[in-house]
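These notes concern the structure reproduced below.
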Amino acid sequence: MVENPSAPADVHTTRQAYNEIAAVYTEFVKGHLDTAPFDRAMLSVFAERVRAGGSGSVADIGCGEGRITAHLNALGVPAFGIDLAPELLAIARQQYPELSFDEGSMEQLALGDGSLAGLVVWYSMIHLPPERVPDVLNELYRVLAWEGHALLAFQATDVPDTVEAFDHKVTRAYRWSPERLAGLLRDAGFTVHAQLVREPEPDERFQQAYLLASKLR
Ligand SMILES: C[S@@+](CC[C@H](N)C(=O)[O-])C[C@H]1O[C@@H](n2cnc3c(N)ncnc32)[C@H](O)[C@@H]1O
């Protein structure tokens with residue numbers, strides 16, 4: 001995919017920032033899942049639900065260097081990755097040559113209506129200006145099949161009904177109160193099944209949250 005020149009400036013900034021930091025970011029996340037039991041637990045619940053639904057592929061949207069895509073495949077879920085940043089995608093393809101990684105934006109996915117059995121948005125919606133999040137959730141809803149599953153992970157705030165910018169190391173990012181993001185998921189049509197908030201680990205500044213949802217008739 002050729003970079004869309006009419007995309008908002010923040011999209012170019014995010015792509016550029018992750019391109020520049022791709023190797024460092026890859027080193028930073030190396031082995032992280034091994035020390036993140038809550039992450040593994042939520043991915044495991046998601047994978048179990050997708051597998052129970054039968055066939056169909058899963059998109060890891062904002063896949064970065066591909067660690068979550070690979071983990072999902074190891075859990076028996078046929079996942080592929082989508083990301084804005086070509087440099088990260090190149091690393092993903094190098095690390096996991098058996099998997100598929102495509103360039104694209106979650107704001108306009110090159111996927112058919114109802115084409116996914118599941119989707120994961122793992123710390124990748126965090127850079128999106130909050131006013132554009134409802135449209136992205138509509139887009140995620142569009143590409144998900146009926147009975148399909150969605151899993152989101154993100155930095156949280158415990159201030160109710162809030163979204164606030166924070167100084168993320170790569171580029172500007174936003175942390176959400178889980179209830180507020182869950183409300184937007186419901187507005188887009190999703191059914192929210194679970195919301196987990198955990199306290200920060202010693203190397204984290206904020207609470208972390210996970211939302212598990214699905215597209216029910
Ligand atoms: C914090 S990293 C997380 C990467 C990966 N999910 C992980 O946990 O290792 C955020 C990722 O989201 C991607 N991203 C940001 N905005 C995006 C968008 N609009 N569409 C697709 N990917 C996006 C970035 O390029 C980056 O790879």
Side-chain angles (χ1 to χ4, degrees), residues 1-4 6-36 38-40 42-43 46 58-74 79-93 95-96 99 101-111 116 118-140 142-143 150-156 165-176 203-206 208-211:
M1 188 182 111
V2 180
E3 186 174 347
N4 177 3
S6 61
D10 64 90
V11 174
H12 298 287
T13 304
T14 300
R15 176 188 287 106
Q16 181 78 7
Y18 276 101
N19 272 339
E20 283 170 10
I21 206 166
V24 174
Y25 187 79
T26 300
E27 199 53 40
F28 176 68
V29 295
K30 191 175 266 172
H32 184 260
L33 264 182
D34 297 338
T35 60
F38 287 103
D39 288 11
R40 293 199 309 277
M42 291 307 289
L43 288 162
F46 170 80
V58 165
D60 175 12
I61 302 174
C63 62
E65 52 70 69
R67 68 196 177 104
I68 303 295
T69 323
H71 187 71
L72 289 168
N73 276 276
F80 64 98
I82 298 173
D83 202 278
L84 270 186
E87 296 294 333
L88 278 170
L89 289 166
I91 294 172
R93 291 181 191 118
Q95 295 188 131
Y96 311 108
L99 303 182
F101 296 95
D102 301 321
E103 191 177 335
S105 170
M106 65 179 75
E107 296 195 74
Q108 201 171 13
L109 292 163
L111 296 169
L116 295 176
L119 56 88
V120 170
V121 180
W122 200 258
Y123 292 94
S124 52
M125 207 186 277
I126 60 172
H127 300 296
L128 205 70
E131 64 275 13
R132 299 213 307 276
V133 166
D135 281 348
V136 165
L137 298 180
N138 289 336
E139 179 68 347
L140 300 181
R142 178 186 72 76
V143 297
L151 177 62
L152 281 66
F154 53 96
Q155 290 88 350
F166 71 94
D167 56 335
H168 187 278
K169 285 195 185 76
V170 182
T171 187
R172 186 181 185 83
Y174 303 85
R175 58 194 182 114
W176 288 77
D203 61 341
E204 294 171 333
R205 287 180 291 164
F206 308 122
Q208 311 289 311
Y210 311 80
L211 291 171

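Numbers for residues simply follow the sequence, beginning at 1. All heavy atoms count here, side chains included; hydrogens, waters and symmetry mates do not. All values derive from a computational prediction rather than experimental measurement. Note that ligands are numbered from 1 as they come in the structure, with each ligand's atoms numbered from 1 the same way.
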Donor-acceptor check, side chain of [X] to backbone of [Y], threshold 3.5 angstrom: yes or no?
X: Thr171; Y: Thr14; result: no
X: Arg40; Y: Leu33; result: yes
X: Arg142; Y: Leu109; result: yes

Tell me whether [X] has any N or O atom under 3.5 angstrom from an N or O of ligand 1.
X: Asp60; value: no
X: Met106; value: yes
X: Arg67; value: yes
X: His168; value: no

Item to complete: Mind checking the CD-CD spacing from Glu65 to Glu87? Nearest 0.5 Å is all I need.
Response: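 Rounded to the nearest 0.5 Å, the CD-CD separation comes out at 14.0 Å.
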Practice prompt. Report the distance from atom CG of Asp60 to atom CG of Leu151, rounding to the nearest 0.5 Å.
Written response: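 Asp60 atom CG to Leu151 atom CG measures 10.0 Å (nearest 0.5 Å).
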For the residue pair [X] and [Y], does the interplanar ring angle fall in the parallel (under 30°), tilted (30 to 60°) or perpendicular (over 60°) class?
X: Tyr210; Y: Trp122; result: tilted
X: Phe206; Y: Phe166; result: perpendicular
X: Tyr18; Y: Tyr25; result: perpendicular

Worksheet item: Which of these, Gly64, Gly62, Ala85, has its nearest heavy atom closest to atom 6 (N) of ligand 1?
Response: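 Selected option, by shortest heavy-atom distance: Gly62.
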Worksheet item: Just going by heavy-atom distances, which of Thr69, Leu84, Val29 is nearest to atom 17 (C) of ligand 1?
Response: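 Considering heavy atoms of Thr69, Leu84, Val29, the nearest to atom 17 (C) of ligand 1 sits in Leu84.
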Practice prompt. Given side-chain contact (heavy atoms from CB on, under 4.5 Å), test Asp102 with Phe80 step by step and report yes or no.
Written response: CA-CA 8 Å; Asp102 301 321; Phe80 64 98; 4.1 Å; yes
Which residue and heavy atom of the protein sit nearest [atom], plus the separation:
atom: atom 1 (C) of ligand 1; answer: Tyr18 OH, 3.1 Å
atom: atom 26 (C) of ligand 1; answer: Asp83 OD2, 3.6 Å
atom: atom 19 (N) of ligand 1; answer: Ser105 OG, 3.4 Å
atom: atom 3 (C) of ligand 1; answer: Tyr25 OH, 3.2 Å
atom: atom 12 (O) of ligand 1; answer: Ser124 CB, 3.2 Å
atom: atom 10 (C) of ligand 1; answer: Tyr123 O, 3.3 Å
atom: atom 21 (C) of ligand 1; answer: Gly104 O, 3.5 Å

Worksheet item: Does CZ in Arg172 sit with more than 12 non-hydrogen atoms of other residues, nucleotides or ligands closer than 6.0 Å?
Response: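 Result for CZ/Arg172: open.
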Worksheet item: Would you call Thr14 a ligand 1 contact, heavy-atom distance under 4.0 Å?
Response: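 Yes, Thr14 has a heavy atom closer than 4.0 Å to ligand 1.
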Please identify which atoms of ligand 1 are closer than 4.0 Å to at least one heavy atom of [X].
X: Trp122; answer: 3 (C), 5 (C), 6 (N), 8 (O)
X: Cys63; answer: 5 (C)
X: Leu88; answer: 27 (O)

Discussion item. Does Gln155 form a side-chain contact (heavy atoms from CB on, under 4.5 Å) with Ile126? I'd like the steps, not just the answer.
Written reply: CA-CA 8 Å; Gln155 290 88 350; Ile126 60 172; 3.3 Å; yes
